[in-house]
*Asks:* 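Here you go, one structure.
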Amino acid sequence: MKTVVDKVGSRFEWMSRDEITEFQGAALRTSVARAARSPHYSAKFDELGIDPNDIRLTKDITRLPFTTKEDLRLSYPDKMLTVDREQVVRLHTSSGTTGKPTAIMHTQQDIDCWAELMARCLAMTGATSQDVFQNMSGYGMFTGGLGLHYGAERLGMLVIPAGPGQTARQIMLIRDFGVTCIHSTPSYFMHVAEKMIQDGDDPKPLGIERAFCGAEPYTEELRAKLQDLYGCRVYNSYGLSEMMGPGVAFECTYQDGMHVWEDAYLVEIIDPETLEPVKEGAVGELVMTTLRREAMPIIRYRTRDLTSILGGECRCGRKHARMARFVGRSDDMLIVGGVNVFPSQIEEVIMRNDWLGGNYVIQLAKQGALDKMTVKVEIAQAVFDGSLDNIRTKRDELANQVKDQVGFTVNVEVVEPGSLPASEGKAKRVMDER
Ligand code: ADP
Ligand code: ZN
């Protein structure tokens, strides 16, 4: 694997812990000094009486203010920019899942760095220039398209920029060009498999070896189901537009947490209430500082994504820290009748039942003064015989499993295959009508 990584040309991949720490200290000093040139951070540092020269070591990071999505919105379009407009070669925005999108600008060096990080991610899964890669992510402003695209080209893969949707065409391209690697949201990748099964086809003989799935939370159980349906390995991929996009953290062949590239990002996990660091290994909000970014360095960005840092060393030998599968965003947490629930808890139960398909939604409504939660889930195509009459017992068992998981009674409905809205990008699982 090392030779492939060398092809990507990065000196950062196999750094020791000491080298990482030393590099981070120097990169942080540069990043903070650079950020201070932007109208946003220069005003912020003035206001808080911060002298960028006082930031020497990575531990000094806690003296700096957090940056929130709101800061990015307020500094829209370019108050965080540190270079002349002329040096900017690309603009991306976030998907706007939780409101007005934010805009991030890049210099050529930023784009090159992004491609390098992305290529390192792909190589880490064992992908090489021999692979044929179909990118089912949206191109355009959404970073999943161009982000993966440039990284895969950098690795020398044959890239098919399919974009999302048009499922029949996706399947045709996979077959006709012998696609071995896929990038997709897990929900859309599931949809493609189910579409095939519905048409009496089988996803396994497609010969896909690796799928890079991310952009939305998903459970270990959903991964297992996808791996089983396709007979391939599914690698978790994490990124966000504010930190470039995909390429921030990725699983290696051991599929045991995602390595976050610490030469490019300084990582903290904080308690979102107290804003203090959590105990080692505890779950909290991921906070990231860019270390190699030129056009728009961002300091202590509160991602609102919840994860933890895994202890111990990865068997692959890389020393870059590993993050656990994301629980979700802090704003994904549902409060139902005073009880906290994450959609992923429901997903876990659903995916453990192999008589169910991969698509589900969670509906929340008021019944009088009370919150009412309904889970609608499709039955698996292979099990469906044209009627839902004979699955009542199974459905009741499922309702009990959900109740055991969340601690209160949930209305569970099992519906026909293909009857719930299919996603092409990020799935919308929760409909809150309260
Ligand atoms: P938006 O915040 O508008 O969705 P992005 O398209 O930049 O904008 O999406 C980034 C977000 O997607 C992350 O902050 C995170 O919430 C989610 N995400 C990305 N990858 C993963 C993953 N592997 N697991 C869980 N959530 C993810
Ligand atoms: Zn590893």
Side-chain angles (χ1 to χ4, degrees), residues 1-2 5 13-14 68-70 72-73 92-104 114 118 120-121 123-126 137-148 164 183-187 189 211-220 222-223 226 234-262 265 283 285-288 298 301-308 310 312-333 342-344 347 423 425-429:
M1 196 196 307
K2 265 188 180 163
V5 171
E13 178 111 13
W14 299 96
T68 61
K69 213 168 181 104
E70 194 52 26
L72 276 167
R73 285 180 182 140
H92 275 286
T93 62
S94 67
S95 314
T97 310
T98 58
K100 189 175 179 326
T102 53
I104 303 290
W114 186 8
M118 198 66 248
R120 276 158 62 183
C121 290
M124 197 158 51
T125 68
S137 205
Y139 278 69
M141 298 288 247
F142 179 61
T143 51
L146 291 172
L148 262 289
H183 176 228
S184 170
T185 55
S187 54
F189 196 42
F212 314 120
C213 288
E216 64 187 9
Y218 62 116
T219 54
E220 206 54 64
L222 178 57
R223 181 220 307 257
L226 286 171
V234 172
Y235 293 94
N236 199 1
S237 152
Y238 173 78
L240 62 167
S241 317
E242 291 80 3
M243 298 289 123
M244 307 244 237
V248 172
F250 227 77
E251 282 180 333
C252 67
T253 44
Y254 290 94
Q255 294 178 298
D256 188 15
M258 295 179 282
H259 287 283
V260 51
W261 294 128
E262 291 188 87
Y265 304 101
V283 175
E285 178 180 345
L286 173 68
V287 170
M288 302 186 101
I298 299 185
Y301 183 63
R302 288 190 58 184
T303 65
R304 301 194 285 186
D305 294 328
L306 303 174
T307 186
S308 58
L310 299 177
E313 285 206 358
C314 187
R315 284 168 286 166
C316 74
R318 288 179 188 81
K319 305 295 186 243
H320 296 266
R322 283 172 304 149
M323 299 193 299
R325 186 174 287 280
F326 282 81
V327 182
R329 303 185 193 236
S330 48
D331 24 57
D332 283 346
M333 194 180 76
F342 274 100
S344 56
E347 183 178 295
S423 89
K426 294 177 190 253
K428 185 157 173 31
R429 302 287 196 194

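Quick note: numbers below take in every heavy atom, side chains included, and nothing from hydrogens, waters or symmetry partners. Throughout, numbering of the chain's residues begins at 1 and tracks the sequence. In listed order, ligands and their atoms are each counted from 1.
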*Asks:* With heavy atoms of P217 as the reference, note each atom of ligand 1 found under 4.0 Å away.
*Replies:*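 Those qualifying, in numeric order: 24 (N), 25 (C), 26 (N).
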*Asks:* Side chain, backbone, both or neither: which part of T143 comes within less than 4.0 Å of ligand 1 when only heavy atoms are counted?
*Replies:*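 Under 4.0 Å from ligand 1, T143 contributes no heavy atoms.
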*Asks:* Tell me yes or no: between the side chains of E251 and T125, is some donor less than 3.5 Å from an acceptor?
*Replies:*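 Distance-only check fails for E251 and T125.
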*Asks:* Which bit of A215 is near ligand 1, meaning a heavy atom under 4.0 Å away: side chain, backbone, both or neither?
*Replies:*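 Within the 4.0 Å criterion, A215 contacts ligand 1 through backbone atoms alone.
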*Asks:* Nearest N/O/S atom of H259 with respect to the Zn ion (ligand 2), by atom name, please.
*Replies:*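 Considering only N, O and S atoms, H259 comes nearest to the Zn ion (ligand 2) through NE2.
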*Asks:* Parallel, tilted or perpendicular, judged at 30° and 60°: which one describes the rings of W261 and H320?
*Replies:*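 Ring orientation, 0 to 90° scale: perpendicular.
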*Asks:* When you measure from atom 8 (O) of ligand 1 to every protein heavy atom, which one gives the shortest distance, and what is it?
*Replies:*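 The answer is S95 N, 3.3 Å.
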*Asks:* What part of L240, side chain from CB on, backbone N/CA/C/O, both or neither, has a heavy atom under 4.0 Å from ligand 1?
*Replies:*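 Both of them.
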*Asks:* Of the side chain and backbone of K426, name the one, both, or neither that has a heavy atom under 4.0 Å from an atom of ligand 1.
*Replies:*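 Near ligand 1, K426 shows its side chain, while the N, CA, C and O stay back.
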*Asks:* Could you identify the single nearest non-hydrogen protein atom to atom 13 (C) of ligand 1 and state the distance to 0.1 Å?
*Replies:*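 Atom 13 (C) of ligand 1 sits closest to the protein heavy atom D305 OD2, 3.2 Å.
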*Asks:* Measure S237 to ligand 1 on non-hydrogen atoms and call it side chain, backbone, both or neither using the 4.0 Å cut-off.
*Replies:*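 Near ligand 1, S237 shows its backbone, while the atoms from C-beta on stay back.
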*Asks:* Please report the shortest heavy-atom distance between L222 and P186, naming the atom on each side.
*Replies:*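 Residues L222 and P186, closest heavy atoms: CD2-CB, 4.0 Å.
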*Asks:* So that I can tick it off, tell me whether E313 and K319 are bridged by a salt bridge, with the cut-off set at under 4.0 angstrom between side-chain N and carboxylate O.
*Replies:*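 Result for this pair is yes, salt bridge flagged.
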*Asks:* Vertex the Zn ion (ligand 2): angle to SG of C314 and SG of C316, to 10°?
*Replies:*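 SG of C314, the Zn ion (ligand 2) and SG of C316 span an angle of about 110°.
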*Asks:* Between R429, K428, K426, which is the residue that forms a side-chain contact (heavy atoms from CB on, under 4.5 Å) with S187?
*Replies:*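 Considering R429, K428, K426, a side-chain contact (heavy atoms from CB on, under 4.5 Å) with S187 is found only for R429.
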*Asks:* What protein heavy atom sits nearest atom 1 (P) of ligand 1, and how far off is it?
*Replies:*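 Checked against all protein heavy atoms, atom 1 (P) of ligand 1 sits closest to T97 OG1, 3.3 Å.
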*Asks:* Among protein heavy atoms, which lies nearest atom 24 (N) of ligand 1, and at what distance?
*Replies:*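 Looking at atom 24 (N) of ligand 1, the protein heavy atom closest to it is E216 O, 3.4 Å.
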*Asks:* Pull out every atom of ligand 1 sitting under 4.0 Å from any heavy atom of F142, numbered as shown with elements.
*Replies:*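 Those atoms are 6 (O).
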*Asks:* Should T303 be counted as touching ligand 1, given the test is an N or O pair under 3.5 Å?
*Replies:*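 Between T303 and ligand 1 (N or O atoms, distance only) the closest approach is not under 3.5 Å.
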*Asks:* Quick one: do K69 and T102 satisfy side-chain contact (heavy atoms from CB on, under 4.5 Å)? Show the steps, please.
*Replies:* CA-CA 8 Å; K69 213 168 181 104; T102 53; 4.1 Å; yes
*Asks:* Look at ligand 1 and say whether K69 reaches it with a heavy atom at a distance under 4.0 Å.
*Replies:*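 Contact check K69 vs ligand 1: positive.
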*Asks:* Using a strict 4.0 Å cut-off to heavy atoms of S241, name the atoms of ligand 1 that fall inside it.
*Replies:*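 The list of qualifying atoms is 5 (P), 6 (O), 7 (O).
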*Asks:* Does this structure show an ion pair linking R120 with E13, if we count only N-O contacts that are shorter than 4.0 Å?
*Replies:*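 Answer for the salt bridge query: yes.
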*Asks:* Quick test: of every protein heavy atom, which one is nearest to atom 2 (O) of ligand 1, and how far off is it to 0.1 Å?
*Replies:*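 Of the protein heavy atoms, R329 NH1, 3.1 Å lies nearest.
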*Asks:* For the aromatic rings, using the six-membered ring if either is Trp, is the centroid distance between F326 and Y218 under 6.0 Å?
*Replies:*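 Between F326 and Y218, the centre distance exceeds or equals 6.0 Å.
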*Asks:* Considering heavy atoms of the protein only, find what lies nearest to atom 3 (O) of ligand 1 and give residue, atom and distance to 0.1 Å.
*Replies:*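 Residue, atom and distance for the closest contact: G96 N, 2.7 Å.
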*Asks:* What's the separation between atom CG in L240 and atom CG in D305, rounded to the nearest 0.5 Å?
*Replies:*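 So the CG of L240 and the CG of D305 are separated by 6.5 Å.
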*Asks:* For ligand 1, does Y238 get within less than 4.0 Å through its side chain, its backbone, both, or neither, judged by non-hydrogen atoms?
*Replies:*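 Both backbone and side chain.
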*Asks:* Can you spot which of M323, R325, M243 makes a side-chain contact (heavy atoms from CB on, under 4.5 Å) with Y238?
*Replies:*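 Exactly one pass, corresponding to M323.
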*Asks:* Describe, in one word, how the ring planes of H92 and W114 are oriented to each other, choosing from parallel (under 30°), tilted (30 to 60°) and perpendicular (over 60°).
*Replies:*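 Perpendicular.
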*Asks:* For a quick test of reading the model, state the closest non-hydrogen atom pair linking S241 to I104 and the distance between them.
*Replies:*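 Scanning both residues completely, I find the closest heavy atoms to be O-CG1, 3.5 Å.
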